[in-house]
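Just passing along the structure, written as structure tokens.
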Amino acid sequence: MTIDSAIQPTDNTTSPVSRNLVTEEAPDKVVAEIEKLGDTLDRVRAGVGRVIFGQEKVVEQTLITLLSGGHVLLIGVPGLAKTKLVETLSTVLGMDTNRIQCTPDLMPADILGSEVLEEQEASRRAFRFIKGPVFCQLLMADEINRASPRTQSALLQAMQEHRVSIAGQYHALPEPFHVLATQNPLEQEGTYPLPEAQLDRFLLQVTVGYPELASERQILLATTGVEEETASRVITPAELQRAQRLIRQIPVGESVLESILTLTRSGRPETTSLDDVKRHVAWAPGPRASQALMLACRARAVLNGRLAPSIDDVIALAPPVLRHRMALNFAARADGLVVDTVIDRMCDPLR
């Protein structure tokens with residue numbers, strides 16, 4: 001599907017996304033802004049690449065999450081530069097950043113903040129709210145699954161509503177607001193599984209693997225000398241917000257829209273024809289998965305220099321969008337199946 005046919009509706013079958021695009025801004029202006037954004041994102045990737053070696057897919061999926069206005073969960077063993085990636089992104093994007101090192105004794109007030117009683121003039125006393133580290137633009141929750149479930153749940157309202165409630169009063173968080181959390185594999189000692197509701201708040205779950213040989217060689221040479229390469233700011237938070245609004249105006253063809261719906265609904269035992277899903281899926285993706293996939297496909301298209309998403313984007317982003325929104329039953333474990341295998345089979349009809 002060409003960009004002209006996606007932007008300019010010619011019949012009643014044009015998607016609502018395309019119609020909204022035409023009414024908001026002129027197509028030519030949108031195309032020019034998309035191309036300009038693509039050039040900016042190339043500089044962002046280059047800035048991150050000065051510090052993070054290899055891990056191109058991880059960097060791409062993290063940027064996709066930020067462009068979509070969502071939160072990302074990075075999963076991998078310690079020592080794979082997950083924290084370094086978050087710190088580098090905060091510098092490149094010019095965002096106000098705070099870090100939480102999650103431990104079993106971390107309390108919700110340590111994240112959100114609390115009220116303290118202060119003595120004022122004329123011996124009067126009043127409560128004053130002291131903001132916690134969640135009041136920032138980019139919150140890094142390091143080793144989030146080492147915190148107790150009660151503390152993990154303290155992030156739910158902040159991630160969904162971009163505000164917190166303390167002593168019956170709401171406090172708005174800065175804009176933009178993103179949570180980039182790192183997680184150790186669940187089988188490691190001292191970890192707690194995240195609640196399903198909190199997992200669903202993450203736009204993508206990104207698996208961070210070991211670097212390739214060439215990348216690891218480059219890491220050794222670049223990080224064990226006298227000086228290390230540092231990142232510099234490329235864009236501002238205001239420019240990131242503008243990019244997020246532009247991403248939502250990217251036209252989506254009917255074939256891509258139908259592919260997204262087909263994929264997510266094929267993961268539900270009640271509506272699928274796939275035997276693997278009927279037999280092995282205990283918890284299926286909901287509408288939020290479709291929303292995440294739609295936004296992520298748009299962001300991936302722009303990040304790769306295209307003006308509209310394709311079915312290839314749907315297939316490429318299916319694992320990071322769906323893997324934390326699905327759970328397998330005991331029968332699947334007995335058969336040796338993992339979530340990514342089921343998702344791959346769900347994508348077969350789209351190939």
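Both backbone and side-chain heavy atoms feed into the values below; hydrogens, waters and symmetry mates do not.
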Problem - Ring-ring centroid check Phe129 His171, cutoff 6.0 Å - result: yes
Quiz prompt | Non-hydrogen side-chain atoms of Leu203 and Val321 separated by less than 4.5 Å | solution = no
* **Any Arg146 side-chain heavy atom under 4.5 Å of Gln152 side chain** => no
Note to self: Check this for me: does any side-chain nitrogen of one of Asp344 and Arg351 sit under 4.0 Å from a carboxylate oxygen of the other?
What the structure shows: yes
Quiz item: Any Lys/Arg nitrogen of Asp142 or Lys82 sitting under 4.0 Å from an Asp/Glu carboxylate oxygen of the other?
Solution: no
* N-O pairing of Asp313 and Arg298 below 4.0 Å -> no
Output for pair (Thr40 OG1, Glu35 CD), nearest 0.5 Å, gives 12.0 Å
query = Short question: side chain of Ser215, backbone of Leu213 - any donor-acceptor pair under 3.5 Å?
reply = no
Should Phe53 and Glu216 count as side-chain neighbours, where that means a heavy-atom distance under 4.5 Å?
-> no
Which of Thr62, Leu180, Val51 passes side chain to side chain contact (heavy atoms under 4.5 Å, CB included) with Leu85? It is Thr62
For Leu221, the hydrophobic cluster (side chain heavy atoms closer than 4.5 Å, chained through members) also holds none
TODO: Would you tell me whether Arg323 and Gln205 have side-chain atoms, one donor and one acceptor, within less than 3.5 Å of each other?
DONE: no
Any salt bridge linking Glu115 with Arg128? Criterion: basic side-chain nitrogen under 4.0 Å from a carboxylate oxygen. no
Item to complete: Give a yes or no on whether the backbone of Leu139 and the side-chain of Arg99 come within a donor-acceptor separation of less than 3.5 Å.
Response: no
Next on the checklist: Assess, by modelled atom type and distance only, whether the side chains of Ser68 and Thr65 contain a donor and an acceptor separated by less than 3.5 Å.
Outcome noted: no
From the list Leu204, Thr207, Val206, Leu199, side chain to side chain contact (heavy atoms under 4.5 Å, CB included) with Leu73 holds only for Leu199
Got more than 12 heavy atoms from elsewhere within 6.0 Å of CD, Glu229? yes
Could you tell me if Glu143 and Gln183 have a donor-acceptor pair between their side chains, going purely by distance under 3.5 Å? no
Verdict with supporting geometry, Thr272 and Ser266, side-chain hydrogen bond (donor to acceptor under 3.5 Å, both in side chains): CA-CA 4 Å; Thr272 187; Ser266 69; 5.1 Å; no
Students should find that the hydrophobic cluster of Val338, defined by side-chain heavy atoms under 4.5 Å apart, otherwise consists of none
Practice item. Go through the steps for Ser148 and Thr151 under the test side-chain hydrogen bond (donor to acceptor under 3.5 Å, both in side chains), then give the verdict. Key: CA-CA 5 Å; Ser148 65; Thr151 303; 3.3 Å; yes
In sequence, state the C-alpha distance, the side-chain angles, and the governing distance for His280 and Asn329, and then conclude on side-chain hydrogen bond (donor to acceptor under 3.5 Å, both in side chains).
-> CA-CA 5 Å; His280 298 126; Asn329 55 28; 5.5 Å; no
Quiz item: Is any side-chain heavy atom of Met107 closer than 4.5 Å to a side-chain heavy atom of Arg150?
Solution: yes
Is it true that, when you exclude Arg288 itself, more than 12 heavy atoms of the residues, nucleotides or ligands shown sit nearer than 6.0 Å to its CZ? yes
| Salt bridge flag under 4.0 Å for residues Lys36 and Asp39 | no
Any carboxylate oxygen within less than 4.0 angstrom of a Lys/Arg side-chain nitrogen, looking at Arg45 and Glu56? no
Lys/Arg-Asp/Glu bridge criterion (N-O < 4.0 Å) met for Glu161, Arg163:
yes
